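Following: one structure in structure tokens, then a few remarks.
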Amino acid sequence: MRLHRLFAVPLVAALLVPALAFAGSEAEEGGDAAAAMERTSFDHEWNDIRFYNHIADYTAATGNTITSFSEAPMLAEMVAAGDLPPVEDRLPADPYVVVPYQEIGQYGGYAFMGRDGTGHWGEAHLLIGIEQLNRIAGDLSTQSPNVATSYELSADAKVLTVTLREGINWSTGEPFTTEDIKFWYEDIILNEELTPNPAKFLQPGGELMKMNFLDDQTFQFSFAVANPVAVEWLPHPNRGVTPIKQAKHYFSQFHPTYVGADKAEALAKEAGFENWVQHFGDKNNSWSELPKFNTDRPMLTAYRLAELGTDLARWERNPYYWKIDVEGNQLPYMDGINVELVQDLQVFAGKIIAGEFTVSIGWYAPLSDYPLMKQNEESGDYTVELWPSLEGSATLFQVNRTIDDPVLAPIFADSRFSHALSLSLDRDEINEVVFQGLGTPRQHTLIKESIYFEPHFAEAYAVRDVERANQILDELGLTWDANREWRLLPDGNRFSVVMDTGAAVLPIHELAVEQWKEIGMEVTMKSFSYQQSEERSKTNQMQMYGGSAGFNARSEAFVASPLFFLPQRQGWENPWGNQWALWYVTGGEGGIEPPDEVKRNIERWEQMTATMDVDEKVRLGKEILASQADNLWVIGTVGEVPLPMPRSNKLRNFPERGGHDWSIGSWTGPQHPSQFYLVQE
């Protein structure tokens, strides 16, 4: 089988309707199976998002041509002053062409957003977008071109060849070529100080992948064994394969291979770090596309981080952005984006109702405020609509099964304990109180549209049964105290644990804690920043965790990154098995050896990534999800929850409908946010 995508002809991608095939693609023997591997059916209604991979494609489809380019007035002034090259010198010779959703936009204006105290600026994803080698196409299953114009998977699935768009520049004006990708591979991945434990998915068959660089635009991933899932690396926004994020001309300044060991160490000490690895890591510190601290970092996105303070982040238009509209206007249309820190969610809601934000992510516009938002649409000059979340569970509860505590460890490691916690949750109450009854009470698994879904995966231990939950705790030896108020540990002390809640304690956390009291569980909630949660998870400090559950919409993303279902990498997202993950990524040299069932899931996943047989892939995937249903590695609550999306009436080309899941690039991942614009007075 050869999976070959030329991306060389006009393409109209319609969100969540059957995908149009890429004309010019090859479908050799086994092609139907390849298509099935990429296909997922969704029944929601979405917007048409159109683009052309090449100007010639646009001309062939419409009879129109693009012979000249235009730019924003602020950039034209810089060109006139000699501070910036002409627009035609900043764009590729053959730029990516976006068909605006509603109309050709107007240049100018800053969007205003808010964020909570998570410690990162992920909210800006909504308007900045995510730039990967490929994009998630409008059907949320197939891929469309982006930084790359084509890719080809060899017949034996051991070589993935990718061709970059020629003439793309970093936001600094320096050319983006395979030299940057070579730097990522040779100087970051192969550098044992920076990457002591390369991710397991980079080592199919137990051997670290190799990379070949054929010319300035063409490179290859090469594997020891068949690795068809590598195709999913190209568009996945959070997969961990980030070869287009580190500009060689910038990061080589801090790397001993290029400046020498003495200078690299001296620069680190001067910046206040112990060694060059810490210094390099700080410069490379980012939350996906969004740099946490470094305003100097070159970007390929429509906007670049220009200012970062304690309570405000400001992004400005990237003058070297490589996309245009159908009239040759360089994107993006907006001058920039300001994101304000708002710690108090009640204050946040007030700012939404007052119309102070251009757009707000549904996390901070809870369903409980939706009626009030609707009432104030006219006075606030905004429109609020409900967008579906594509997540299997709005919040997950996780018990740390590798906790370093001699009393808690055997209890937490026993799946029956998670069964008891799940059975004692009143998901109907959670749905009504927190989500206005609009979600679906369910166990955590993939959403029903996935080819891996089975109804009993979502039903497992998801119906409230306090009597059975109490029986389980009795069986585990957690007896009641004299007043039958709290459970006692085997050592006679009260069962009392701390649950990390991420950036804030939310109503869903509070409800769960109250419901667990009915079975004698004392759970204290404590919020931590994103960075703190990451550190606490990796260092095995968490006892329990209540947090988000993205990465569920796309069947393909599940194969590439079954994040919550098996411990294949460390991170804040899976504290339930972080020490098992450390054992896995270090080849048994660190962490804790997992039990046989976890090892079987790891084996199933490794086989999934390698098989070319769709039926076998589905069988293995369902076995992993069945294991989750049986063991409740993570505990789900309510899924498929719609969330309000309030937006200013001055914001145009913004879709009427969208949906959230990190596997598609958040809310507007497939929709080319660079085309959004603000109506100018």
Side-chain angles (χ1 to χ4, degrees), residues 119-122 130-133 147 169-203 208-211 213 219 233 237-301 304-308 313 529-535 537-539 569-572 582 585-586 590:
H120 62 70
W121 301 87
I130 293 177
E131 305 294 354
Q132 292 291 96
L133 287 164
V147 173
N169 293 314
W170 292 99
S171 55
T172 55
E174 293 293 323
F176 165 70
T177 69
T178 53
E179 279 297 307
D180 299 295
I181 296 173
K182 186 176 183 180
F183 176 83
W184 169 80
Y185 177 66
E186 294 185 351
D187 297 306
I188 296 179
I189 298 300
L190 296 185
N191 186 289
E192 293 184 358
E193 292 184 85
L194 289 175
T195 314
N197 298 307
K200 278 294 184 179
F201 67 84
L202 298 178
Q203 306 176 59
L208 185 65
M209 70 175 187
K210 295 180 173 59
M211 294 192 72
F213 302 93
F219 69 94
W233 298 357
N238 292 84
R239 184 63 190 89
V241 182
T242 57
I244 63 171
K245 303 295 192 291
Q246 289 83 19
K248 179 179 180 179
H249 73 276
Y250 175 77
F251 284 101
S252 59
Q253 302 175 88
F254 316 106
H255 200 294
T257 298
Y258 298 89
V259 299
D262 291 343
K263 183 174 181 180
E265 293 295 339
L267 289 171
K269 296 292 193 300
E270 184 180 334
F273 296 96
E274 293 182 4
N275 53 58
W276 80 270
V277 173
Q278 291 182 1
H279 190 209
F280 188 95
D282 180 72
K283 294 296 183 181
N284 193 31
N285 198 353
S286 69
W287 192 81
S288 192
E289 295 283 357
L290 309 179
K292 290 178 184 173
F293 310 115
N294 188 358
T295 55
D296 295 328
R297 181 176 187 158
M299 305 292 290
L300 296 178
T301 47
R304 59 181 180 85
L305 184 64
E307 179 182 350
L308 182 59
S529 71
Y530 170 80
Q531 289 97 331
Q532 289 172 322
S533 292
E534 180 84 359
E535 180 65 19
S537 177
K538 287 185 175 181
T539 55
R569 70 182 178 101
Q570 283 195 295
W572 65 268
L582 181 59
V585 300
T586 60

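Quantities reported herein were computed from a predicted structural model and do not represent experimental measurements. Count residues from 1 along the sequence.
Between Gln246 and Asn284, some side-chain heavy-atom pair lies under the 4.5 Å cut-off. Gln132 places a side-chain heavy atom less than 4.5 Å from the side chain of Lys245. Two residues are said to be in side-chain contact when any heavy atoms from C-beta on lie closer than 4.5 Å; Met211 and Ile189 fail this criterion. A heavy-atom distance below 4.5 Å is not found between the side chains of Thr195 and Leu190.
Counting only distance, with no hydrogens or angles, the side chain of Asn294 and the backbone of Lys283 share a donor-acceptor pair below 3.5 Å. A distance-only check finds no donor-acceptor pair linking the side chain of Lys269 to the backbone of Asn275 [under 3.5 Å]. In terms of modelled atom types and a separation under 3.5 Å, the side chain of Gln203 and the main chain of Pro198 share a donor-acceptor contact.
In this pair, Trp233 and Phe201 present their aromatic rings perpendicular. The plane angle is above 60°, beyond the 30 to 60° band. Between His255 and Phe183, the two ring planes are perpendicular [angle over 60°; tilted spans 30° to 60°].
Interatomic distance, Thr586 OG1 to Lys200 NZ, rounded to the nearest 0.5 Å: 8.0 Å. Separating the CG atom in Leu300 from the CZ atom in Phe176 is a distance of 5.5 Å, to the nearest 0.5 Å. Between the CZ atom of Phe280 and the OG atom of Ser252 there is a distance of 9.0 Å, given to the nearest 0.5 Å. Here the straight-line distance linking atom CG of Leu133 with atom CD1 of Ile181 works out to 6.0 Å at 0.5 Å rounding. Separation of atoms OG1 (Thr177) and CG (Asn169) is listed at 10.5 Å; rounding is to 0.5 Å. A distance of 15.0 Å separates CZ of Arg304 from CZ of Arg297, quoted to the nearest 0.5 Å.
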Let me check something: any side-chain donor-acceptor pairs from residues 258-267 under 3.5 Å, sequence neighbours excluded? List them with distances.
residue, atom, partner, partner atom, Å
Tyr258, OH, Asp187, OD2, 2.5
Glu265, OE1, Trp276, N, 3.3

Item to check | Pair Trp170-Tyr250, ring pair (Phe, Tyr, Trp, His ring centres under 6.0 Å): steps then yes or no | outcome: CA-CA 10 Å; Trp170 292 99; Tyr250 175 77; 9.7 Å; no

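Here salt bridge (charged side-chain N to carboxylate O under 4.0 Å, His left out) pairs that include residues 171-185, with residues two or more places apart or in two chains, are Glu179-Lys248.
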